[in-house]
Structures are given as structure tokens and as C-alpha cells.
Enquirer: 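One structure follows; several queries about it will come next.
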Amino acid sequence: MGFSSPSGVDVERLRITQLRSIHRVSLVYSLLTSFAVIFTMGLFVTSVNLPILTVWGLVALIQGFLYFRAGRSRAQSDYAGVSSTTVLRDGGALFLQGLIWTVPPVVFARTADPAEIIALWTLMSCMMVGTALTYIGMPLSTLLFLVTVGSANAYMMMGLGSPQVAAVVVCYALLLLVTSLKHARSFGIELTATTQLAEKSEVVSLLLREFEDSGADWLWQTDAARRVTHASSRFARALGMEAADVEGKPLLQIFAGSAWESGKFSPTLHEFAERIKRRESFSNILLEVEIAGQKLWWELSASPKLDEKGLFLGFRGVSSDVTKQRESSEKIAQLARYDTLTNLPNRLYLTESLSLALQEMEKWNSRCGFLMIDLDRFKAINDTLGHPIGDRLLARVSERLRHVCSSNEICGRIGGDEFAVVIREIHDTEYVERLSLEIIDALSHPYEVDQHTLYVGASVGSAIAPRDGRTPETLIRSADLALYRSKEEGGGLHHGYEPKLHLHAEERRVLEIALREALAKEQLHVVYQPVVDAKNGTILGFEALVRWNHPEMGSISPVKFIPVAEDARLIGPIGEWVLRTACKEAKNWPEHIRVAVNVSAEQLGDPNFVTIVASALAHAELPAHRLELEVTESVFMREGTGAEQLLDRILALGVKLSLDDFGTGYSSLGYLRKSRFSTIKIDRSFVQSAAKNVPESIAIIRAVVAMADSLGMSTTAEGVENEEEVEMINRLGCRKIQGYYFGRPMPANEAMALFGNGQQSAVA
């Protein structure tokens with residue numbers, strides 16, 4: 001906070017790190033606050049006295065500029081003279097900024113209309129979030145700003161006669177405050193740990209340097225009777241004895257420890273004794289020794305010592321402690337065969353275990369099996385909550401899987417969210433079914449991970465040897481095909497391998513080859529489904545849809561070939577071809593008619609996609625505003641693709657954006673602020689449910705329509721098939737309709753025929 005100096009911490013370094021954390025984003029924060037000032041002045045320019053509004057705006061901009069300049073000066077001076085007082089001054093500056101921003105909700109909002117108040121609250125909430133994120137290392141600044149601005153907004157809501165909304169505002173501010181303080185504490189703890197780790201590293205480095213300077217090998221010497229005649233001081237210290245006490249003792253007795261009396265020597269000690277007995281040289285042999293009751297690993301090298309007449313006098317050798325290296329080697333071997341996250345056997349270990357099980361099967365004429373397990377809905381958790389939560393969930397899954405499996409099974413993790421089980425011996429095939437269902441049931445119960453209640457399911461595919469294969473590769477492939485069948489049918493199921501699954505896989509392979517040929521030979525074609533005005537049925541545009549008529553296989557449903565195209569990475573070329581074709585056809589339509597084209601997540605991952613869109617528009621000579629690209633929520637869930645920036649560049653061309661299938665995925669209102677969508681398409685499942693008077697679907701449609709209207713967006717209801725659904729959509733306020741009631745997808749010439757002399761009033 002800056003009120004005191006915490007003990008055990010480099011305070012100066014802490015303060016510098018705090019200030020540096022906000023300096024990195026200070027320019028962006030200053031620009032955003034300046035934009036907020038300009039936005040607020042524009043919002044109230046007609047409802048607030050202009051001189052007052054101007055004075056407030058100048059004060060806010062000047063304060064922001066002075067604060068930014070002060071932070072820049074600290075950075076340029078490399079934070080010289082930084083102290084707790086500096087942190088307190090920064091908190092005072094944020095408090096002053098908060099006071100300035102209390103004016104709009106306390107003063108300006110008195111004469112504002114509801115729309116202006118909503119816009120103001122939206123802006124203020126964004127500023128509160130932005131400040132909490134920017135000043136995560138400055139808890140005092142965050143506290144003062146959030147308390148000040150949050151109180152002013154709660155006062156504004158109370159003035160509107162909405163105590164419930166005011167309570168929500170207070171809770172919102174408190175939530176931001178608590179979260180910020182929690183992260184600030186983590187910030188300090190992390191800095192402390194980093195400092196202590198650096199100090200310990202320096203100590204370890206000094207010790208290692210001293211060890212290297214003093215040497216690592218210990219010298220020893222024996223006589224012909226294998227008794228020690230000379231021992232270096234380091235050798236004696238390693239044995240926990242004085243050099244004088246070591247000399248005269250049998251070397252084997254020293255290394256054997258308590259086993260000397262019983263004669264139960266380790267295999268390595270037996271080998272060492274044989275080398276000594278045969279009086280032959282040896283180099284770098286590993287020996288398990290017992291020193292003071294502790295098992296250690298030493299590395300020894302020695303050669304026989306002879307006199308001038310060639311008589312054997314004993315051995316002269318060196319030794320060193322390699323226990324740590326041995327443990328490291330064992331750990332490396334462990335890592336090579338076990339998964340580091342779950343500590344389960346990995347793919348290598350499972351494959352070796354399956355090979356052994358198959359060998360036992362051949363030997364005893366029995367049966368063994370292999371299960372492939374894939375988690376359902378795991379990717380959504382990774383995308384929404386992050387990989388650390390996903391990793392902890394995988395660890396919990398491994399615990400449950402280990403608990404379900406008996407000594408007859410070896411469970412392991414293949415990679416990602418895929419697990420596997422080797423069944424050593426199968427007495428009856430029903431056992432595989434029972435075990436698979438137990439695994440599905442165990443893995444499908446909810447998980448509590450970091451205060452999150454998570455739900456994942458599991459799909460299982462099984463293969464039994466020798467029926468489904470006699471080699472590890474064949475059995476794994478058979479189980480994988482069975483797993484694919486379980487996933488294809490919705491997940492949460494178990495399927496055993498069947499020969500027809502190979503036929504299904506072969507069919508997909510053939511379909512992929514045919515699809516590549518169809519793309520090359522232009523066997524695909526585009527059809528167009530009308531999108532009409534909900535009130536009068538006037539055509540507003542068409543959605544372009546791809547279709548495929550194969551010369552031999554006939555008409556192939558998009559439901560069948562689109563997934564194949566996505567798996568084969570053909571969706572990009574197909575999407576580009578549809579885009580160019582649709583733009584070319586739309587050029588022939590009346591000027592007010594738009595064409596909508598679906599865009600896949602893979603296309604938006606292509607950095608050249610904006611150039612492709614611009615090229616398609618230019619070649620077709622189609623105005624950009626007549627093209628609408630439809631994207632789904634999934635494009636925002638793929639991290640690192642740059643989809644948001646790419647969509648902004650598309651909008652800059654003048655192309656419209658539509659959010660397709662809204663509400664069917666992992667919906668978030670955040671998607672609507674990521675890009676400026678012109679249309680939200682309501683999925684046909686909601687339309688059909690609402691037509692059956694399902695209250696939840698009706699409420700969802702109303703909420704989406706109200707939200708879209710407030711954001712200046714239009715709504716399109718998909719899948720409207722009868723007059724009752726049309727009336728229902730009109731009652732709920734949707735502006736546009738698409739469905740079989742107004743027209744099925746049609747070829748370009750039939751779409752063109754709907755217009756008379758380039759105009760059309762309505763669809764019959």
C-alpha cells in the first residue's frame with residue numbers, strides 16, 4: 001500500500017517493480033482515459049451546460065497529462081529516489097482522477113435521459129475494469145479510484161430511484177476491488193520468492209565452485225590381501241571415519257556395511273569382488289555401497305599394482321559418489337516412461353505393456369484388451385478457464401482412472417486429454433463393457449478445481465486381442481476407430497471395435513480424395529437462400545451455401561462433407577471459392593441486396609484472409625457494404641490466432657459482420673464487444689422451441705433482440721418453416737427471417753429470377 005515497509009523484502013526493488021508495472025501500459029491507459037473524456041463530452045453535449053462541460057473536460061485531460069508526464073519522468077530517471085511516499089503520491093493522483101470522474105454520474109446525469117445514463121455507466125464500468133487491470137501492482141491507487149468512482153455511480157443509480165441497481169454497482173466495485181487486492185498480494189509474494197530464490201542460487205553457486213576447486217575423486221590403495229593400506233582424507237570423510245581407522249580394514253568390508261556379517265551382498269558388490277579376485281583392471285564400474293546404514297552409489301576405477309619382478313602388490317584406485325547422478329538418471333528414465341503431469345504411464349510405457357500382454361496372450365492362448373479414452377468438452381474448459389485449470393483437471397481425472405482400474409489393468413495418459421488402459425487378461429468380453437462404463441461414470445461426475453465446478457464426460461473405444469489385432473499398432477488403431485465412433489455419436493459412450501469401422505474410415509478417406517478432386521474440377525456449386533424482412537417479406541439478401549453433386553455418388557450432404565473438409569484442411573480453399581463465386585453472383589442483383597458468406601475459424605487464422613476478401617470484391621466489382629461475413633463464437637475461443645484484429649481489418653474495408661448460431665456455443669456478451677457485428681443470427685433450435693411455447697427459448701430470443709437493438713444490431717431468425725413461426729418472430733421483434741417458409745436454397749439463376757427489373761418487393 002505504501003503506508004509501511006514490509007519486512008524481509010527489498011522495499012526499494014518492490015516500489016520500483018510496482019511503478020514499472022504501470023509504466024508499461026501508461027501510454028495506452030492515458031489514451032483510453034482521454035478517449036473516455038471526449039466520449040463523455042460528446043455524450044452530454046446537448047444536455048449539460050457547454051462551459052461547465054468544457055471546463056470539466058479540460059481539467060480531466062490536463063490531470064491525465066500531468067500524471068502521465070510524472071510517470072514518464074520517473075521511468076527516465078530509472079526510478080531514482082523511489083520510496084513509499086512515491087506510492088502514496090500515486091494513490092493521491094488516482095484519488096484526484098477518481099474525484100474528477102465523479103462529476104459525470106453525480107452532476108451531469110441529473111439532466112440525462114436513460115440512454116445517456118446507460119452509456120455513461122457502460123463507460124464508467126470499463127474504466128473501473130481498466131484501472132483495476134492497469135494498477136494491479138498498486139493496490140492503494142486501485143482502492144482509491146474504485147471506491148470513489150463506484151460510490152459516484154451508486155449515487156447516480158440511487159438518484160434514478162433504482163436502489164437494486166445501485167446495490168449491483170456496489171457489488172461490482174467490491175468484486176473488482178477484492179480481485180485487485182488479491183492479485184496485488186500475489187504480486188508481492190512472487191517478488192519475495194524471486195528475491196529469495198536469487199539469493200539461494202548465489203549460495204549454491206559458491207558451494208559448487210568450492211566443490212569443483214577441491215576435486216571430486218577419492219584416492220585409495222590396498223595390499224595383496226585386499227586390505228586398505230592408504231586412504232585419502234576425502235575418502236575417509238566419505239566413509240564417515242578417520243583415515244587411520246580406515247587403513248588395515250578389508251576393502252570389501254568397508255563397502256558391504258551391515259551385509260558383511262550376513263554375506264548377502266548386492267549384485268554389484270559381487271561383480272566388484274570378482275574383479276578384485278581376478279586382479280584385473282576396471283574402469284567406471286557402479287557399486288552399491290552402504291555407508292553408516294545409508295545406501296549410496298559409487299563409481300570406482302582401479303588397476304593392479306606390481307613390483308619390479310611382476311609380483312602383485314595390491315590395487316590403486318579412485319572413487320567418487322555418483323548417487324545424485326544415479327538418481328537423476330533414474331528420474332530421467334522415469335520421465336521417459338511416465339507422464340509428468342499425471343504421473344501415469346505414458347504412450348511408450350503403455351505400448352511396451354501392451355506388447356508384453358500380447359506375448360502372454362500368445363503364450364497362454366488367452367485374450368487381452370486395449371481401451372482408448374477421450375474426455376468430452378475438455379477443450380472448452382481449456383479455452384475458457386486456461387491451461388493451468390485444465391492441467392489440474394487432468395490430474396483429477398488420472399486419480400479417478402487409477403482408482404477404477406485394478407491390478408489387471410495399466411492405465412496411462414497418451415497425451416492431451418487422451419488416456420488409455422491396457423487390460424492384461426480378459427476372461428469374458430462383458431468385462432470390457434463393464435470396465436468401460438465404470439470409467440465413463442467415474443470420469444463424468446463433477447470436479448471441484450480452484451473453486452470451479454467442472455463437468456466433463458468421457459468416450460471410450462475398445463479392442464480385444466487376438467480378435468481385433470495381434471500387434472500393438474493394430475490393436476491401438478482398432479481401439480482408436482472405436483473411440484472415433486463414440487465421439488461421432490455425441491460422446492459419453494463406449495463402442496467396441498467392429499470391422500465396419502474400417503470401412504467407415506475408408507469411406508472418409510475416399511470422400512476426402514473425391515472432395516479434393518471436386519475442388520480441382522469445380523464440381524462444387526453455390527446455392528442461395530433468401531433473407532427477408534420480418535414485417536413485409538421483402539428480400540434483403542441471400543446466404544451463400546455450398547453444395548456438392550458427385551458424378552457417381554450423387555448429392556452429398558454438407559453435414560457429411562464439411563467435417564471431412566475441416567479435417568483435411570480443405571475448408572480454406574473451399575471457403576475462398578465460395579466467397580469469390582458469391583461476390584460475382586451478387587454483382588447481378590439489385591444494389592440494396594446483400595450476400596452473406598460463412599467464414600470458418602481456419603480462414604480467420606490465415607493472415608492473408610483480408611487480402612482474399614479485398615481481391616474477391618475487386619474482381620466482382622461488388623461494393624464492400626453488400627458483403628456480409630458470418631462467423632461463429634468459436635473463432636474467439638482459439639487463442640493466438642489474431643482473429644479479433646483480422647475482423648477489425650475486415651470492418652475497415654466496409655464489409656459487414658454477422659454472428660452466426662448465437663447462443664449454441666459457450667456464449668459470452670464479451671464477443672459482442674470484440675467486433676462490431678451488424679447482425680446476430682438466432683439459431684433455429686431456439687426458433688422451433690419458441691414456436692412450441694417453450695418459455696426459456698422465448699425469453700432468450702427476447703433478450704437477444706433487446707440486446708441487439710440497444711447495440712444497434714439487427715437480428716435474423718433462422719429455420720422459420722411455417723406461418724405460425726413467422727407470426728411468433730414478428731411478435732418477439734426479430735427484424736429478419738431466413739427459412740424454408742420464404743424459400744429453400746436455390747441456384748443463382750433462380751435467385752436472380754426473383755427480381756423483376758432488378759427489384760422485388762416480397763417473397764410469396
Side-chain angles (χ1 to χ4, degrees), residues 522 524-534 537-548 558 562 571-600 603-604 609-632 647 649-661 675-682 713-720 735-740 742-763:
E522 298 185 356
L524 303 174
H525 65 279
V526 181
V527 294
Y528 304 88
Q529 186 173 30
V531 178
V532 304
D533 189 289
T538 301
I539 296 177
L540 301 176
F542 292 88
E543 180 179 3
L545 303 168
V546 65
R547 295 293 184 264
W548 181 18
I562 290 297
I571 198 67
I574 292 175
E576 180 180 348
W577 177 81
V578 171
L579 174 64
R580 293 184 181 278
T581 303
C583 289
K584 182 179 178 182
E585 293 295 342
K587 180 65 174 64
N588 302 320
W589 301 339
E591 294 182 355
H592 67 284
I593 302 299
R594 290 182 185 173
V595 62
V597 179
N598 291 283
V599 178
S600 68
Q603 287 176 274
L604 291 178
F609 183 66
V610 177
T611 305
I612 293 172
V613 173
S615 172
L617 292 170
H619 280 81
E621 298 181 352
L622 182 72
H625 70 273
R626 292 185 58 194
L627 174 62
E628 184 173 78
L629 299 181
E630 296 187 2
V631 301
T632 61
L647 291 177
R649 293 171 58 196
I650 291 174
L651 286 168
L653 295 176
V655 176
K656 305 296 181 182
L657 290 180
S658 173
L659 186 58
D660 199 7
D661 298 335
S675 294
R676 300 186 300 277
F677 292 99
S678 60
T679 303
I680 299 176
K681 301 192 74 172
I682 301 173
M713 301 177 185
S714 179
T715 49
T716 300
E718 296 183 292
V720 177
R735 299 184 187 179
K736 295 183 287 186
I737 298 178
Q738 179 180 348
Y740 285 175
F742 290 99
R744 292 176 176 272
M746 61 190 72
N749 59 340
E750 293 183 15
M752 187 64 190
L754 293 177
F755 306 103
N757 296 322
Q759 300 293 330
Q760 174 70 15
S761 60
V763 177

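In this chain, residues are counted from 1 in sequence order.
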Enquirer: Minimum heavy-atom separation for Pro530 and Leu754, please, with both atom names.
Expert: CG-CD1, 4.5 Å
Enquirer: Kindly indicate, with the supporting measurements, whether the criterion side-chain contact (heavy atoms from CB on, under 4.5 Å) is fulfilled by Thr679 and Lys736.
Expert: CA-CA 9 Å; Thr679 303; Lys736 295 183 287 186; 3.3 Å; yes
Enquirer: From Leu622 CG over to Arg594 CZ, what is the distance, rounded to the nearest 0.5 angstrom?
Expert: 11.5 Å
Enquirer: To the nearest 0.5 Å, tell me how far Leu651 CG sits from Leu629 CG.
Expert: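 It comes to 9.0 Å.
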Enquirer: Looking only at heavy atoms, which two atoms of Leu647 and Leu604 are closest? And how far apart?
Expert: CD2-CD2, 4.0 Å
Enquirer: Mind checking the CZ-CE spacing from Arg735 to Met713? Nearest 0.5 Å is all I need.
Expert: 11.0 Å
Enquirer: Closest approach of Val527 and Pro747, non-hydrogen atoms and distance?
Expert: CG1-N, 4.2 Å
Enquirer: Is any side-chain N of the basic residue among Lys681 and Glu543 closer than 4.0 Å to the acidic one's carboxylate O?
Expert: yes
Enquirer: Checking Val655 against Leu617 for the side-chain contact (heavy atoms from CB on, under 4.5 Å) test, could you report, in this order, the C-alpha distance in whole Å, the side-chain angles of both residues, the deciding distance, and whether it holds?
Expert: CA-CA 10 Å; Val655 176; Leu617 292 170; 3.8 Å; yes
Enquirer: In chain order, what residues pass the ring pair (Phe, Tyr, Trp, His ring centres under 6.0 Å) check against Tyr528, with sequence neighbours excluded?
Expert: Trp589
Enquirer: Indicate yes or no for a side-chain donor-acceptor contact from Arg626 to the backbone of Ile593 under 3.5 Å, with no hydrogens or angles considered.
Expert: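 At least one qualifying donor-acceptor pair exists.
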Enquirer: Spell out, as yes or no, whether a donor-acceptor pair under 3.5 Å connects the side chain of Ser658 to the backbone of Ile680.
Expert: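 Absent.
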Enquirer: Go through it in stages, so that I can follow the logic: the residues are Ile539 and Phe742, the test is side-chain contact (heavy atoms from CB on, under 4.5 Å), and I'd like the CA-CA distance, side-chain angles, deciding distance and then a yes or no.
Expert: CA-CA 9 Å; Ile539 296 177; Phe742 290 99; over 6 Å; no
Enquirer: Just checking His525: does its NE2 atom have more than 12 heavy atoms from other residues, nucleotides or ligands closer to it than 6.0 angstrom?
Expert: yes
Enquirer: Taking all non-hydrogen atoms of both residues, which atom of Leu545 and which atom of Gln529 are closest, and how far apart?
Expert: CD1-OE1, 4.3 Å
Enquirer: Starting from the C-alpha separation in whole Å, work towards a yes-or-no answer on side-chain contact (heavy atoms from CB on, under 4.5 Å) for Leu627 and Val613.
Expert: CA-CA 10 Å; Leu627 174 62; Val613 173; 4.0 Å; yes
Enquirer: Please report the closest heavy-atom contact between Cys583 and Ala616, naming both atoms and the distance.
Expert: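 Minimum heavy-atom contact is CB-O, 4.0 Å.
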Enquirer: If the test is side chain to side chain contact (heavy atoms under 4.5 Å, CB included), which one of Val532, Leu540, Val531 qualifies with Gln738?
Expert: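 For Gln738, the side chain to side chain contact (heavy atoms under 4.5 Å, CB included) check succeeds only for Val531.
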Enquirer: Measure the spacing between OG1 of Thr716 and CG of Leu659 and express it to the nearest 0.5 Å.
Expert: 11.0 Å
Enquirer: Could you state the interatomic distance from CE (Met746) to CE (Met752), rounded to the nearest 0.5 Å?
Expert: 13.5 Å
Enquirer: How long is the span from the OG1 atom in Thr581 to the CD atom in Glu576, to the nearest 0.5 Å?
Expert: 10.0 Å
Enquirer: So which atom in Asn598 and which in Glu630 form the shortest heavy-atom distance, rounded to 0.1 Å?
Expert: OD1-OE1, 3.1 Å
